[in-house]
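Since the structure comes first, as structure tokens, the remarks are kept for the end.
Order of the sequence lines fixes the chain letters, A, B, ..., with proteins taken first and strands second; residue numbering starts at 1 for each chain. Predicted model, so just to flag it, every value in this text is computed and none were measured. The figures that follow rest on heavy atoms only: side chains count, while hydrogens, waters and symmetry mates do not.
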Amino acid sequence: MHAYRSHTCGALRAADIGAEVRLSGWCHRIRDHGGVLFIDLRDHYGITQVVADPDSAAFKTAETLRAEWVVRVDGKVRRRPEGTDNPDLPTGAVEVYVREIEVLGPAAELPMPVFGDQEYPEDIRLKYRFLDLRRERLHRNIIKRGQIIDSIRRRMKEQGFFEFQTPILTASSPEGARDYLVPSRLHPGKFYALPQAPQQFKQLIMVSGFDRYFQIAPCFRDEDARADRSPGEFYQLDLEMSFVTQDDVFAAVEPVIRGVFEEFADGRPVTAKFPRIPYKEAIEKYGTDKPDLRNPIVMADVSEIFRGSGFKIFARILETSAKGAVWAIPAPRGGSRAFCDRMNSWAQGEGQPGLGYIFFAADSGVIVGRGPVANNLGAQRTEALRAQLGLSDGDAVFFVAGEPQAFFKFAGAARAKIGEELGLIDKDRFEFCWIVDFPMYEWNEEEKKIDFSHNPFSMPNLPPSEFLALDAGDRDKILSIRAIQYDIVCNGVELSSGAIRNHRPDVMKKAFAIAGYDEAVLEQKFGGMLHALSLGAPPHGGIAPGIDRIVMLLCGEENLREVVLFPMNQRAEDLMMGAPAEATAKQLRELHIRVVPPGPG
RNA sequence: GGGGGCGUAGCUCAGUUGGUUAGAGCGCUAGCCUGUCACGCUAGAGGUCGCGGGUUCGAGCCCCGUCGCUCCCGCCA
């Protein structure tokens, strides 16, 4: 017989009754009835009930066992007595009557119980991650993560993608996030950087003629964490394709993402065909470029109803500001003064002056608007508003006014809050969309100049000849240029962003010139890339969905830590391994590094 | 860098208006219990109320500072 086990703790069934077996695992739960003693023995595969009584040679040992001790037990499989089956366990028809117990790994008193689903503080969970990972929820999440990654790999390969490994020790890239630096021993004063993403490598792979690249790629960014943004490191499904348009990328990626979600959604519906929403439309309808489409609320511009109206606050905004607008946020079934006032208080808590509203109620068969806004607006305009928004008895509508540039974020937050409060969001579905047509540039009011809006290396959506002919004075035209850039958004979570890359050095130089970058600067910062593009670069593009976020959504988790095996805390510390840690004097000498601690103040 | 929340037993939490010796559940220790599966029952151990200072006759509670954790903003092409 094997030294540790003949079966796993999830294996035994009625068919095994009578067999002599050997199991190893953790003492999940022990119930000592004096004369009879039960041990729920747990391993990766499941739980099996082990029984001892005073007739058993192992009884004395069994009485000394404690929670989470690792033991080997030998015994005989037998049917549980009539009426004591446990239908909640796959092994619940049988139990192992123990003959011998060997303690393989005793456990001291636990800082955090494994049994049950009690919540525990993050620092304790992280310091004792190996205990937390024994618990069902995390254990299941981590397994699911692996299965999801397997599925992604298989689907990518089926589409003709090939997996590459790109360097981890590489050069710092001046764009984007803060880099993690690694000092060089051989080159005093010089540093490697960990890649923020394999962006340049994957483009070079296309220039190298490989056509379809993918990688489950580690990415490193020294930026502050969020619940949906791991500190330090995370994984992307990084992919790139040659000779493609935006449609080709969508056609390649969408089935992979949809397929993976359908496979792991446990029956929850997944968007059949991802709608494409232009950036501008997303801002206007949802107040964000990562809309949660499970929320049915669609905002609308109702400026014309308020222009010149008796509701002076809004009328004045429209009068004095050319860009001024009033947006409406419909709130189906939100038509009570209590709810509207609550939202108004919430808005004030968010630092807003308030959240104007009208709520509609039936009065002798006629639906009328109520509240201060309605009173000042007048019955006719209120009715026009109600008709435009399709609202009815028991509904409400909220308003934000000013310059959209300034208020759209708050409007989006209000839309989300209202949807949440009114229970309009069906949590048990996955609503996807593509966000497309991102603006290439934006106006920097503070510095009075044109800036890149998102990714400077995306291809502008303009024929090259037309783009190259642009004059710096064509400000309005320049600001209207859209980049061939796109995001996948699911349930309000930005899953990935990608682009058709700018593969033409002349167009890239022009693009940077428009944003005020001297060609020498471009040469200095991105000379290598520019050079490669000048020696025969195919048109190419790609995208990089975040693996951790995909897993988080599919596991129904709100925090990435719940789907990462050994995560760091918010301050980018690994409490279990004790990272980051000071280096020894010898290490620092070899690296030509002297530590200068931050001074007081 | 900024803002909010939290910090009481190993863990989860309660703790009234500032008032006697700071409580409960889980866990731990000991005892009882032959069919439980969150087993049950009895007893016990376990506390610098994050830390420092202040107000007060008296502080877990009020005030100031500080530290830790967390969520958010900045940041993240």
Pairs involving residues 49-59 of chain A, ordered by first then second residue, that meet side-chain hydrogen bond (donor to acceptor under 3.5 Å, both in side chains) (sequence neighbours left out): A:R31-A:Q49, A:Q49-A:E95, A:D53-A:Y97
Can you tell which of [options] lies closest to the side chain of [X]?
X      : options             : answer
A:F38  : B:U12, B:C69, B:U36 : B:U36
A:D224 : B:U70, B:G1, B:C72  : B:G1
A:P121 : B:A30, B:U12, B:G35 : B:U12
A:E95  : B:G74, B:U12, B:U36 : B:U36
A:R226 : B:A77, B:U34, B:C73 : B:C73
A:Q196 : B:A77, B:U36, B:U12 : B:A77
A:R229 : B:C33, B:C69, B:C76 : B:C76
A:Q570 : B:C71, B:C33, B:C69 : B:C71
A:R221 : B:G68, B:C76, B:C37 : B:C76
A:R29  : B:G27, B:C71, B:C37 : B:G27

Are the aromatic rings of A:F457 and A:F526 close, with centres under 6.0 Å apart? yes
Run the numbers on A:D132 and A:M112 for side chain to side chain contact (heavy atoms under 4.5 Å, CB included), then give the verdict. CA-CA 8 Å; A:D132 207 10; A:M112 189 189 94; 3.7 Å; yes
It should be established whether [X] places a side-chain nitrogen or oxygen under 4.0 Å from OP1 or OP2 of nucleotide [N].
X      : N     : result
A:N86  : B:U36 : no
A:K409 : B:G74 : yes
A:R178 : B:C76 : no
A:R125 : B:C69 : no
A:N569 : B:G68 : no

Considering every strand and a 4.0 Å limit on heavy-atom distances, what is the contact class for [X]: base, sugar-phosphate, or nothing?
X      : result
A:E122 : sugar-phosphate
A:H33  : base
A:L89  : nothing
A:K127 : nothing

Can a donor-acceptor pair under 3.5 Å be found between the side-chain atoms of A:R78 and the base atoms of B:G35? yes
hbond_proxy A:R31 side chain to B:U34 base (donor-acceptor, 3.5 Å cutoff):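 Absent.
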Are side-chain heavy atoms of A:R561 and A:V564 found at a separation under 4.5 Å?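 No; the side chains remain at least 4.5 Å from each other.
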Side chains of A:T170 and A:Y192: does their closest heavy-atom pair fall under 4.5 Å? no
With rounding to the nearest 0.5 Å, note down the distance linking CH2 in A:W434 to CG in A:L495. 10.0 Å
Could you tell me how far apart [X] ([atom1]) and [N] ([atom2]) are, to the nearest whole angstrom?
X      : N     : atom1 : atom2 : answer
A:Y120 : B:C11 : OH    : C1'   : 6 Å
A:F59  : B:U34 : CZ    : P     : 9 Å
A:R80  : B:U34 : CZ    : C1'   : 15 Å
A:H28  : B:U36 : NE2   : P     : 19 Å
A:I30  : B:G35 : CD1   : P     : 19 Å
A:Y128 : B:U12 : OH    : P     : 12 Å

For RNA chain B, report each stem as range with range, ordered by first number, or say none. Use Watson-Crick or G-U wobble pairs under 3.5 Å, at least 3 in a row.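 Looking at RNA chain B, the stems formed by three or more consecutive pairs are B:1-7 with B:67-73, B:10-13 with B:23-26, B:28-32 with B:40-44, B:50-54 with B:62-66.
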Which pair of heavy atoms, one from A:P54 and one from A:G35, lies closest together, and at what distance?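 Minimum heavy-atom separation between A:P54 and A:G35: CD-O, 2.7 Å.
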Polar side chain donor-acceptor pair, A:D238 to A:Y213, under 3.5 angstrom: yes
